[in-house]
Asks: 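Before anything else, here's the structure in question.
Naming convention: chains lettered A, B, ... in sequence-line order (proteins, then strands); numbering from 1 in each chain. What you see below is based on every heavy atom in this structure, not just the backbone, and it leaves out hydrogens, waters and symmetry mates.
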Amino acid sequence: MLKTEELQINIGPQHPSTHGVFRMLVTVDGETIMDLKPVFGYLHRNHEQIAEQNTYLQNMPYTDRLDYFNSMANNHAYALAVEKLVGIEVPERAEYIRVLMVELTRILNHAGALGFLINDMGMWQTQLAFGMREREKILDLFESASGARLMCNYFRFGGVARDLPADFMPRLADLLKAMPGFVDEMERLLRDNEILMQRSEGIGILPRDLALAYSVTGPVLRGSGVAYDVRKAEPYSIYDRFDFDVPVGSVGDVYDRFLVRVEEMRQSRRIIEQIVAQLPDATGSHINPKARQNVKPPVGDVYGRVESPKGELGFYLVSDGSGKPYRYKVRAPSFINLTPLGDMCRGYKVADVVVILGSIDIVMGEVDR
Amino acid sequence: MSIQIERGAIVAVARGSQRARLPGMAMVDSMGVVWKHWVESFRKNRGFSDIHGTFTQEYPEEPAKIPEAYRNMPVLLYDDETGHELCTSCYQCARICPPQVIHMTQAKDPVTGKAVPAVAEFVIEYDACMSCGFCAEVCPFDSIKMDQVFELSTDDRPSLTVFKHDLGRPISYYAGIAPNLWAEAKESALKKLQNSIKRRPDVLGIAPHLTEKIAARRRELAAAAAAAPPPVAAPPADAPAAAKKLTPEEKAAKLAAMRAGKGATPAAPAVEAPAAPAAEPASPADEKAAKLAAIRAKNAAAKGDVAPAAPAAPASPADEKAAKLAAIRAKNAAAKGEVAPAAPVAPAAPASPADEKAAKLAAIRAKNAAAKGEVAPAAPAAEPPAAPLDEKAARLAAIRAKNAAKQPDDASGPE
Ligand code: SF4
Ligand code: SF4
């Protein structure tokens with residue numbers, strides 16, 4: 001009679017498929033995962049404590065370094081929180097520029113995330129290289145507007161750091177023209193692909209109620225069939241002016257999460273097209289000229305949140321009336337989306353763990369802070 | 001399936017249609033995409049609007065394409081013509097810098113001791129700078145700007161603590177890399193610079209490596225002094241009486257004359273001070289040392305204390321520092337009404353640059369200690385000749401100490 005024995009192994013913290021320094025303590029029985037404990041903290045940088053030593057404005061470049069794929073979205077969430085706390089108005093043009101940047105961020109994030117997911121499935125580099133192509137174009141645009149590709153530090157209280165350069169809109173129009181090609185091509189390459197479907201269909205199922213119980217957000221939640229998007233649930237900025245759909249999955253497996261992201265790229269493009277049409281009519285300049293950057297908010301607390309490409313990103317700030325936040329807390333989507341990893345992996349094979357983790361789309365800089 | 005909501009719909013994504021097709025057809029489709037890319041990879045991408053072809057930039061051979069707004073590390077601008085730096089040491093950049101890597105000391109008028117809108121030393125720790133660009137954004141004088149050179153890799157970490165000498169860039173350089181941004185800033189920047197120059201005595205504010213600009217400025221000042229109106233040449237005895245009646249222009253002229261003549265004549269106001277070193281018309285170093293010692297002696301005398309004899313030996317640059325050190329100590333001690341410890345720096349010690357820095361550091365430490373009402377410890381003068389690395393560290397520490405001293409010290413002041 002054959003007898004099996006459970007074995008504990010570590011995947012990570014240094015492992016190419018963990019997307020950073022992240023450890024999974026896995027209990028396996030043969031190839032089957034019996035239990036999995038995510039262990040974080042290897043990239044802890046004391047972000048929140050540092051932020052409490054800084055003035056409000058000085059924190060802006062630090063938020064870039066949370067989720068370094070999406071610095072624009074992080075900037076946006078933080079700027080929203082502070083503006084709410086102080087009561088700063090944002091001119092219309094600034095709002096359009098902000099939403100434009102954030103939606104471009106969503107496209108580049110998903111292009112990268114899907115590339116890495118496919119990479120983890122074993123289709124080494126092909127989709128990643130194609131995804132990087134659009135990502136590079138968008139980063140070029142970011143660089144010309146903000147001065148940096150990744151650490152943009154572009155948002156200010158009451159607007160953005162500087163107006164768009166003259167050649168920005170023509171280049172964006174070019175990119176928009178090419179964009180459907182990108183996304184369609186990705187779908188053609190992958191959506192029906194037998195290999196992809198075998199590696200992702202029915203894998204890493206996160207049932208709807210469990211997703212809600214873990215307060216998962218973003219494409220992971222929508223993949224599980226919950227149509228929750230902060231942009232629709234609590235429209236911030238000027239999201240109530242744009243038509244866009246919320247794609248949801250039906251099963252909650254890796255495949256659904258993949259499809260939701262592909263569709264979100266299309267919807268982001270839709271929003272950007274509306275922005276391009278409306279931006280020339282927008283009033284105001286790129287920043288509220290009356291907004292002081294050196295803010296001293298009144299005593300109180302505030303929670304500002306956005307739908308970042310990874311989920312709901314929120315900043316909770318408590319002000320004691322001084323120029324520095326008394327408490328600064330980040331609700332990081334990657335962190336919360338990672339907590340149900342054990343439940344998602346239980347019962348699947350070791351090789352699936354990598355794919356399931358890839359489908360959550362985490363950035364360790366945001367998980368550990 | 002889709003549910004209409006406000007301005008959009010909730011749509012369920014369509015899952016793959018694999019089963020509706022012949023097995024393997026999707027793979028063939030995928031191969032088609034990859035094939036297309038393979039074919040395209042034989043030509044180069046033609047620019048931003050082209051999404052096909054190879055995107056690879058052969059970077060070291062092909063220079064990187066950098067947009068104008070690109071920012072990397074901050075640098076300080078100086079005017080091409082006059083060599084004057086735009087910075088007025090207003091500390092705005094140092095205050096906003098999130099990782100606090102900017103340090104500076106303000107220039108002081110050597111005669112009057114008053115602060116001057118110019119910067120004496122400016123340090124940026126490049127290794128900790130996060131390239132956020134805030135410093136360039138807040139600078140009211142458009143002095144600090146973001147450079148675009150990104151090839152800064154080095155295995156010599158101390159070299160990433162960059163001093164004013166290496167931070168300086170001519171305006172023409174910045175106008176070259178960021179023509180539009182400079183065009184926006186130009187007018188107000190140059191106007192403000194002219195204002196600052198008016199308030200900068202001597203050669204203060206001229207980038208230190210522009211020696212010919214400094215020499216030119218000296219000649220200019222000397223010529224101005226020679227052409228000064230008679231009241232300046234009036235005998236010193238009359239001066240105190242006349243002082244009240246001098247018009248601002250006359251005052252300025254007199255000051256200029258004093259400055260121009262400082263190398264040749266013993267510093268006039270320091271008569272009561274014992275042993276103010278009357279330097280022979282000498283090399284610039286001597287001249288400076290003498291000037292410094294004289295001024296400090298004068299300050300000490302003004303407080304009714306006896307200033308210790310400043311070493312008046314024919315000064316090498318190292319001696320100059322020693323003199324400075326002694327003077328600073330004397331001044332501090334005088335200010336506190338204490339007995340100044342004998343400056344233990346042997347003026348004759350053939351000091352290497354490293355020693356010189358160490359001495360400077362010790363002096364500043366002593367000063368800080370004195371400010372806290374303690375007896376200044378004897379500075380360890382004869383430290384072993386230090387490596388250039390120490391030198392930099394010492395310099396940095398000195399500047400930091402100075403800045404810290406400047407701020408109201410509530411953490412450590414048990415009053
Ligand atoms: S660089 Fe600009 S902001 Fe900084 S001290 Fe000089 S003038 Fe002020
Ligand atoms: S770029 Fe930012 S981090 Fe660097 S010196 Fe300027 S303010 Fe400081």
Asks: Give, as side chain, backbone, both or neither, the part of A:Arg149 having an atom under 4.5 angstrom from any heavy atom of chain B.
Replies: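 No part of A:Arg149 comes within 4.5 Å of chain B.
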Asks: Please determine, among A:Met60, A:Met151, A:Arg162, A:Arg241, the option with the most heavy-atom pairs under 4.5 Å with chain B.
Replies: A:Arg241
Asks: By a 4.5 Å heavy-atom criterion (distance strictly below it), what part of A:Glu263 contacts chain B: side chain, backbone, both, or neither?
Replies: side chain
Asks: Establish, from distance only, whether the side-chain atoms of A:Asp64 and A:Asn75 form a donor-acceptor pair under 3.5 Å.
Replies: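 Indeed, the side chains of A:Asp64 and A:Asn75 share at least one donor-acceptor pair under 3.5 Å.
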Asks: For B:Lys145 and B:Ala185, which heavy atoms make the closest approach, and how far apart are they?
Replies: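 Scanning both residues completely, I find the closest heavy atoms to be NZ-CB, 4.4 Å.
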Asks: Let me know if B:Gln148 has heavy atoms under 4.5 Å from chain A in its side chain, its backbone, both or neither.
Replies: neither
Asks: Which bit of A:Ala161 is near chain B, if near means a heavy-atom gap under 4.5 Å: side chain, backbone, both or neither?
Replies: side chain
Asks: Could you tell me which of A:Asn294, A:Leu57, A:Asn54, A:Val260 has the largest number of non-hydrogen atom pairs under 4.5 Å with chain B?
Replies: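 Ranked by heavy-atom pairs under 4.5 Å with chain B, first place is A:Leu57.
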Asks: Counting heavy-atom pairs under 4.5 Å with chain B, which one of A:Pro235, A:Cys152, A:Pro165 comes out on top?
Replies: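 Between A:Pro235, A:Cys152, A:Pro165, the count favours A:Cys152.
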Asks: Once you measure the plane-to-plane angle for B:Phe150 and B:Tyr59, does it fall in the parallel (<30°), tilted (30-60°) or perpendicular (>60°) bin?
Replies: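 Geometry flag for B:Tyr59 against B:Phe150: tilted rings.
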Asks: Identify which part of A:Arg65 has an atom lying under 4.5 Å from any heavy atom of chain B, answering side chain, backbone, both or neither.
Replies: side chain
Asks: Verify the neighbour count for atom CD of B:Glu62: are there more than 12 heavy atoms of other residues, nucleotides or ligands below 6.0 Å?
Replies: yes
Asks: Report yes if the distance between the aromatic ring centroids of A:His47 and A:Tyr328 is under 6.0 Å, otherwise no.
Replies: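 Yes, the ring centres sit under 6.0 Å apart.
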Asks: With a 4.5 angstrom heavy-atom cut-off, is it the side chain or the backbone of A:Lys177 that approaches chain B, or both, or neither?
Replies: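 Neither the backbone nor the side chain of A:Lys177 comes within 4.5 Å of chain B.
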Asks: Under 3.5 Å, is there a donor on one side chain and an acceptor on the other for A:Tyr239 and A:Glu234?
Replies: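 Checked: A:Tyr239/A:Glu234 side chains show no N/O donor-acceptor pair below 3.5 Å.
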Asks: Heavy-atom distances under 4.5 Å only: say whether A:Thr55 touches chain B with side chain, backbone, both or neither.
Replies: neither
Asks: Against chain B, label A:Tyr62 side chain, backbone, both or neither, depending on which of its atoms sit under 4.5 Å from a heavy atom there.
Replies: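 It is both, since atoms from each part get that close.
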Asks: Between A:Arg231 and chain B, with a heavy-atom cut-off of 4.5 Å, which part of the residue counts as in contact: side chain, backbone, both or neither?
Replies: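 When you check distances to chain B, no heavy atom of A:Arg231 falls under 4.5 Å.
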Asks: Mark yes or no for whether A:Ser71, through its side chain, and A:Tyr68, through its backbone, hold a donor-acceptor pair below 3.5 Å.
Replies: no
Asks: Going by the angle between their ring planes, with limits at 30° and 60°, are B:Trp38 and B:Phe42 parallel, tilted or perpendicular?
Replies: perpendicular
